[in-house]
**Student:** 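Okay, here's the structure, questions in a sec.
Position 1 is the first residue of the sequence; numbering continues from there.
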Amino acid sequence: MKPFKVTGIQYAALPYRLEGRRVEVMLITSRDTGRWVIPKGWPMGGLSPQEAAAVEAAEEAGLIGEIAQRPIGSYHYLKRLKKEQSKSIQVIVFPFRVEERVEDFKEQGERTARWFPYKEAAGLVAEPSLRRLIRDFGAVQAANPIVRTLRNYWAWRFGAYA
């Protein structure tokens, strides 16, 4: 298989919440095809990648919360453009712990948003790399709190996300 030639970059928020040890991920529908995706968008002048991802979560789903400073990974997809062209996009994904959802937001009425258990959410997205990111992230968050704390310390100490 020929490797992707990345011609664009976007930043995404992976909206999640914890209900005890249960991890839920919010997915939204894309405006054009209606498939399940996470909030994402292009870089924004004057904003860091993670800030841009948080803005997308607010605009596309009305989400307010805390964005992680480090990404958990990335995935690729082909963005359809006008005149039957497409562009390969690399999407950098930042965890976004949702604190609340506002009623009025920019793209209200243009998308459907829904919470799913993380394993179900992973099964609903089309991109295999995003599916894997959601599953791995959810498994870490669902772990025993002591294990999660140790993994977070390890990530902080050695510079890798656990």
**Student:** To the nearest 0.5 angstrom, please state how far the CD1 atom of I38 sits from the CD atom of E56.
**Tutor:** 11.0 Å
**Student:** Could you give the distance from CH2 (W36) to CD (E127), rounded to the nearest 0.5 Å?
**Tutor:** 14.0 Å
**Student:** Please examine the side chains of I92 and P71, heavy atoms only from C-beta on, and report whether any two atoms are closer than 4.5 Å.
**Tutor:** yes
**Student:** With clusters defined by side-chain heavy atoms of hydrophobic residues (ILVMFWY) lying less than 4.5 Å apart, directly or transitively, does M26 cluster with V98?
**Tutor:** yes
**Student:** What's the separation between atom CD in E99 and atom CG in L63, rounded to the nearest 0.5 Å?
**Tutor:** 11.0 Å
**Student:** Report yes if the side chains of Y118 and E24 come closer than 4.5 Å at any heavy-atom pair, otherwise no.
**Tutor:** no
**Student:** Is the positively charged end of K40 above the ring of Y77, judged by distance under 6.0 angstrom from the centroid and angle within 45° of the axis?
**Tutor:** yes
**Student:** Any side-chain to backbone donor/acceptor pair from E60 onto E107? Under 3.5 Å, distance only.
**Tutor:** no
**Student:** Between F96 and E66, does a side-chain contact (heavy atoms from CB on, under 4.5 Å) hold up when you go through it step by step?
**Tutor:** CA-CA 6 Å; F96 184 81; E66 184 178 338; over 6 Å; no
**Student:** How long is the straight-line distance from CG of D32 back to NZ of K79, given to the nearest 0.5 Å?
**Tutor:** 6.5 Å
**Student:** Taking T29's backbone N and O only, do any of them form a donor-acceptor pair with T112's side chain (distance below 3.5 Å, no angle check)?
**Tutor:** no
**Student:** Membership question, hydrophobic clusters at under 4.5 Å side-chain separation (ILVMFWY): are F105 and V37 in the same one?
**Tutor:** no
**Student:** Assess whether side-chain contact (heavy atoms from CB on, under 4.5 Å) is satisfied between L78 and S88, documenting all intermediate values.
**Tutor:** CA-CA 5 Å; L78 289 175; S88 178; 4.0 Å; yes
**Student:** State yes or no: do I64 and V55 share one hydrophobic cluster built from I, L, V, M, F, W and Y residues joined by side-chain heavy-atom distances below 4.5 Å, directly or via other members?
**Tutor:** no
**Student:** Does the R131 side chain pair with the main chain of V125, one donor and one acceptor, at a distance under 3.5 Å?
**Tutor:** yes
**Student:** Short question: side chain of R35, backbone of S30 - any donor-acceptor pair under 3.5 Å?
**Tutor:** no
**Student:** How long is the straight-line distance from CZ of R114 back to CD1 of I28, given to the nearest 0.5 Å?
**Tutor:** 14.5 Å
**Student:** What are the two closest non-hydrogen atoms of G46 and E51, and how far apart are they?
**Tutor:** O-OE1, 4.3 Å
**Student:** Restricting to non-hydrogen atoms, name the atom on I67 and the atom on A13 that form the minimum distance, rounded to 0.1 Å.
**Tutor:** CD1-CB, 4.2 Å
**Student:** Roughly how far apart are L133 CG and Y75 OH, rounded to 0.5 Å?
**Tutor:** 9.0 Å
**Student:** Under a 4.5 Å side-chain heavy-atom rule over Ile, Leu, Val, Met, Phe, Trp and Tyr, are F116 and L130 clustered together?
**Tutor:** yes
**Student:** For I72 and P95, work out which heavy atoms get closest and say how close.
**Tutor:** CG2-CG, 3.3 Å
**Student:** Please tell me whether W42 and V91 are part of a single hydrophobic cluster in this structure, the criterion being side-chain heavy atoms less than 4.5 Å apart.
**Tutor:** yes
**Student:** Considering non-hydrogen atoms only, spot the tightest contact between F94 and R70 and give its length.
**Tutor:** CD2-C, 3.7 Å
**Student:** For Y11 and M44: C-alpha separation, side-chain torsions, deciding distance, then whether side-chain contact (heavy atoms from CB on, under 4.5 Å) applies.
**Tutor:** CA-CA 10 Å; Y11 303 116; M44 297 177 188; over 6 Å; no
